[in-house]
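Only this structure's heavy atoms are used, side chains among them; waters, hydrogens and symmetry mates stay out.
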Amino acid sequence: MKKKQILKQPLQSLTPNLTDYNEAYTSFRWDQVMANLSGLPDGKGLNIAFEAVDRHVKGKGINRIALRFLGRDSTIQEFSYRKLKEETNRFANVLQGLEIGKGDVVCTLTGRIPELYITALGTLKNRSVYCPLFSIYGPEPIYQRLSKGKAKVLVTTKELFEKKVKGLLDQLEDLEYILLTDENTDRDHFIRSLKKLMRIAENEYKILPTDPEDRALLHFTSGTTGMPKGVIHVHQTALTHYVTGKYVLDFHPEDIFWCTADPGWVTGTSYGIISPLLHGITNLVVEAEFDARLWYQTLEDQNVTNWYTAPTAIRRLMRMDIDVLKEYDLSTLRLIHSVGEPLNPEAVRWSWETLGLPILDNWWQTETGGIMIANYPGMLIKPGSMGKPLPGIEAAIVKQANTEELSFVETPGESGQLALKKGWPSMFRGYLGEKQRYKKCFIGDWYLTGDLASKDQDGYFWFVGRADDIIKTAGHMVGPFEVENVLMEHPAVAEAAVIGKPDPMMGELVKAFITLKSKYVPEKELEFEIRGFARERLGSAVAPKEIEFTDELPKTRSGKILRRQLRDQEREKTRN
């Protein structure tokens with residue numbers, strides 16, 4: 001195996017918030033984080049929206065731009081913290097006028113438009129529960145989530161309502177109101193004009209006492225197998241969003257931050273809305289979908305300083321033949337972050353060479369509510385590593401987890417299941433309506449993530465794969481990510497997904513699905529070359545026995561490769 005590289009990060013004009021990881025990790029205490037926030041007036045609790053918006057509306061923060069929206073038509077809308085406070089107050093008053101109260105679920109089904117962000121924050125002010133839905137969902141996943149969440153209000157557009165929601169109304173017994181963002185008048189008592197309601201609502205609103213353990217956010221997992229799980233988070237999750245914004249994303253007062261994730265995905269809510277606003281910075285929102293040149297131009301035109309995106313987008317950028325630093329001025333950009341899937345080492349090296357900065361990968365889940373393991377500004381980077389645990393997070397590798405007692409891995413490099421010790425503020429508080437399923441996620445004081453990983457001698461964690469992705473081939477246990485990393489190093493490979501294909505002799509054989517960079521053509525000679533390349537680096541037992549070229553890999557809406565779908569396809573072929 002090739003020796004793992006270590007990269008030094010370039011010097012930055014700003015000193016990172018986390019300058020000494022070991023000291024910060026040793027001295028950190030969650031009960032001290034609240035000193036950085038305000039709490040509701042008169043000690044009446046903790047409310048995410050108050051911390052993200054209202055507390056900044058004083059002194060210099062009052063006119064600072066909180067949200068800057070770039071529309072598909074190149075129009076720009078800006079909301080200062082003062083204006084955002086007024087608009088979110090109006091929406092909270094709209095909910096109150098509709099008799100939607102504490103604990104009631106309010107969903108959005110829109111693109112990245114201002115109304116989504118105002119709805120999210122206004123819902124939290126009202127102590128209702130905010131639940132985002134992807135606008136790309138079809139009627140069935142929309143129905144599943146609205147029904148399972150017992151949603152009382154859905155905020156959507158006329159087009160999405162007509163195409164995806166209208167036919168579901170007879171089945172949604174709990175839904176009381178649909179608020180259309182682009183309708184000027186009410187259709188009836190049930191289908192209302194959000195514009196009209198906002199126009200007549202007051203812009204003053206007093207947030208009622210909010211317990212840190214009050215429900216705040218409901219995120220549904222993708223539901224690639226069976227019904228989606230509803231993951232519950234509380235207002236106390238703001239503490240994790242604040243700490244990760246400070247230490248991982250390294251927010252400074254004058255930063256302009258761009259998170260490319262859609263709010264339908266947990267990253268798009270936690271780090272596309274809440275975390276940057278908790279730090280009082282300018283949060284850039286781009287309505288248009290992925291376009292490489294548009295993205296580079298946006299980074300230049302908007303003077304973006306911190307950029308948070310996904311491995312899928314990065315791999316798509318890698319496929320483009322663009323001399324980025326010659327064509328675009330990215331001099332304001334000082335940090336690039338990635339999340340969603342583990343980032344291949346080749347992508348980190350590409351970023352260093354092409355963008356002049358490394359990409360800092362981090363790891364977390366919908367269930368953890370915030371970043372748990374990360375690469376930090378100022379810390380040495382080991383390309384392909386998840387990084388080190390966030391201060392306040394205790395992570396360990398578990399040998400086996402089928403009893404009430406855990407056995408921990410002590411040998412550096414040995415893989416096992418990644419576990420986190422309970423107690424961090426954004427830990428999920430349950431799966432909606434599934435108490436037993438929630439209980440099975442824990443053994444004693446430890447949350448079992450379902451991800452396999454290892455820890456090296458320097459304390460860096462390395463992703464191996466999901467437990468159900470591991471390939472059992474001729475007595476060997478093969479992690480797909482290890483194989484994908486090597487394949488990505490071949491100059492022709494843009495993306496790779498590795499699965500176990502059923503085989504009567506070996507149990508499973510390693511098969512790779514590969515998309516090629518634009519200059520390459522899928523042909524047998526190239527297949528043989530890539531197989532030989534992988535065999536030389538991985539050995540014959542681990543290297544792919546089969547390679548299939550494809551134009552696109554199947555992915556979830558959040559960009560994760562659907563290896564299960566590829567496995568199912570192969571099993572179906574075997575049966576036929």
Given the rule in the salt bridge (Lys or Arg N to Asp or Glu O under 4.0 Å) test, do E115 and K195 qualify, once you have shown the distances and angles that lead to the verdict? CA-CA 10 Å; E115 289 84 355; K195 287 183 177 180; over 6 Å; no
Is it the case that R112 places NZ or CZ above or below the six-membered ring of F69, under 6.0 angstrom from the centre and within 45 degrees of the axis?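 No cation-pi geometry.
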Can you name the side-chain hydrogen bond (donor to acceptor under 3.5 Å, both in side chains) partners of [X], sequence neighbours left out?
X: D73; value: T75
X: T515; value: none
X: Q96; value: none
X: D301; value: Q297

Given R82 and E86, is the salt bridge (Lys or Arg N to Asp or Glu O under 4.0 Å) satisfied, shown in steps? CA-CA 6 Å; R82 175 170 58 183; E86 292 173 352; 5.1 Å; no
Is there a side-chain contact between [X] and [Y] (heavy atoms, below 4.5 Å)?
X: L218; Y: Y130; answer: no
X: M386; Y: Y460; answer: no
X: T108; Y: T123; answer: no
X: I100; Y: E176; answer: yes
X: L355; Y: I336; answer: yes
X: F251; Y: S275; answer: yes
X: Q171; Y: Y143; answer: yes
X: P253; Y: I281; answer: no

Kindly write out the residues that satisfy salt bridge (charged side-chain N to carboxylate O under 4.0 Å, His left out) with [X], not counting sequence neighbours, or none if the list is empty.
X: K422; answer: none
X: E87; answer: R90
X: R68; answer: E78
X: K158; answer: none

[Y]/[X] salt bridge by N-O under 4.0 Å criterion:
X: E495; Y: K555; result: yes
X: D250; Y: R334; result: yes
X: E346; Y: R315; result: no
X: K102; Y: D214; result: yes

In this structure, which one of Y242, F257, Y81 forms a ring-ring contact (aromatic ring centres under 6.0 Å, His included) with H279?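 Answer to the ring-ring contact (aromatic ring centres under 6.0 Å, His included) test with H279 among Y242, F257, Y81: Y242.
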Taking all heavy atoms of S147 and all of L172, pick out the closest pair and write down the distance.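 Where S147 meets L172 most closely, the heavy atoms are N-CD2, 4.0 Å.
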Once you measure the plane-to-plane angle for Y296 and Y328, does it fall in the parallel (<30°), tilted (30-60°) or perpendicular (>60°) bin?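 Y296 vs Y328 ring planes: tilted.
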Using only heavy-atom distances, determine whether the side chains of D451 and T449 contain a donor-acceptor pair under 3.5 Å.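 No pair is found: no donor N or O on one side chain lies under 3.5 Å from an acceptor on the other.
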Pick one: which of [options] meets side-chain contact (heavy atoms from CB on, under 4.5 Å) with [X]?
X: I178; options: V155, L109, L169, V153; value: L169
X: L180; options: L154, I191, L194; value: I191
X: R145; options: P228, C131, P132, C107; value: P228

With salt bridge (Lys or Arg N to Asp or Glu O under 4.0 Å) as the criterion, how do E213 and R429 come out once you've worked through the C-alpha distance, each side chain's angles and the decisive distance to 0.1 Å? CA-CA 9 Å; E213 288 297 315; R429 299 306 196 263; 2.8 Å; yes
Side-chain donor/acceptor of [X] to backbone N/O of [Y], under 3.5 Å:
X: T110; Y: T156; answer: no
X: H235; Y: I48; answer: yes
X: E51; Y: G39; answer: yes
X: D262; Y: W265; answer: no
X: N283; Y: P276; answer: no
X: T210; Y: L208; answer: yes
X: D174; Y: K152; answer: no

Could you measure the distance from the CZ atom of F50 to the CD1 atom of I207? Nearest 0.5 Å is fine.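 One finds 6.5 Å between CZ of F50 and CD1 of I207.
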Looking only at the aromatic ring of each residue, does the gap between the centers of W363 and W462 stay below 6.0 angstrom?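 Ring centroids of W462 and W363 are no less than 6.0 Å from each other.
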May I ask you to check whether Y247 and Y376 place their ring centers less than 6.0 Å from one another?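 Here the rings of Y376 and Y247 have centres that are no less than 6.0 Å from each other.
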According to side-chain contact (heavy atoms from CB on, under 4.5 Å), who are the partners of A497, at least two apart in sequence or on a separate chain?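 So A497 forms a side-chain contact (heavy atoms from CB on, under 4.5 Å) with E484, L553, I561, L566.
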When you look at D182 and T157, which way does the side-chain hydrogen bond (donor to acceptor under 3.5 Å, both in side chains) test go after all the steps? CA-CA 6 Å; D182 50 355; T157 64; 4.9 Å; no
Give every donor-acceptor pair under 3.5 Å between a side-chain atom in residues 367-374 and any protein atom, sequence neighbours left out.
unit_1 : atom_1 : unit_2 : atom_2 : d
E367   : OE2    : Y431   : OH     : 2.7
T368   : OG1    : Q365   : N      : 3.1
T368   : OG1    : Q365   : O      : 3.0
T368   : OG1    : G370   : O      : 2.9

Walk me through it: do H219 and T269 pass the test side-chain contact (heavy atoms from CB on, under 4.5 Å)? CA-CA 9 Å; H219 288 287; T269 300; 3.5 Å; yes
Using the test ring pair (Phe, Tyr, Trp, His ring centres under 6.0 Å), find all partners of Y271 that sit at least two apart in sequence or belong to another chain.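 Listed in chain order: H241, Y308, W364.
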Would you sort out whether F79 and Y117 count as a ring-ring contact (aromatic ring centres under 6.0 Å, His included), showing the intermediate values? CA-CA 11 Å; F79 291 77; Y117 297 76; 9.3 Å; no
Selection residues 124-136 - residue pairs positive for salt bridge (Lys or Arg N to Asp or Glu O under 4.0 Å), sequence neighbours left out: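 Salt bridge (Lys or Arg N to Asp or Glu O under 4.0 Å) check on residues 124-136 returns D54-K125.
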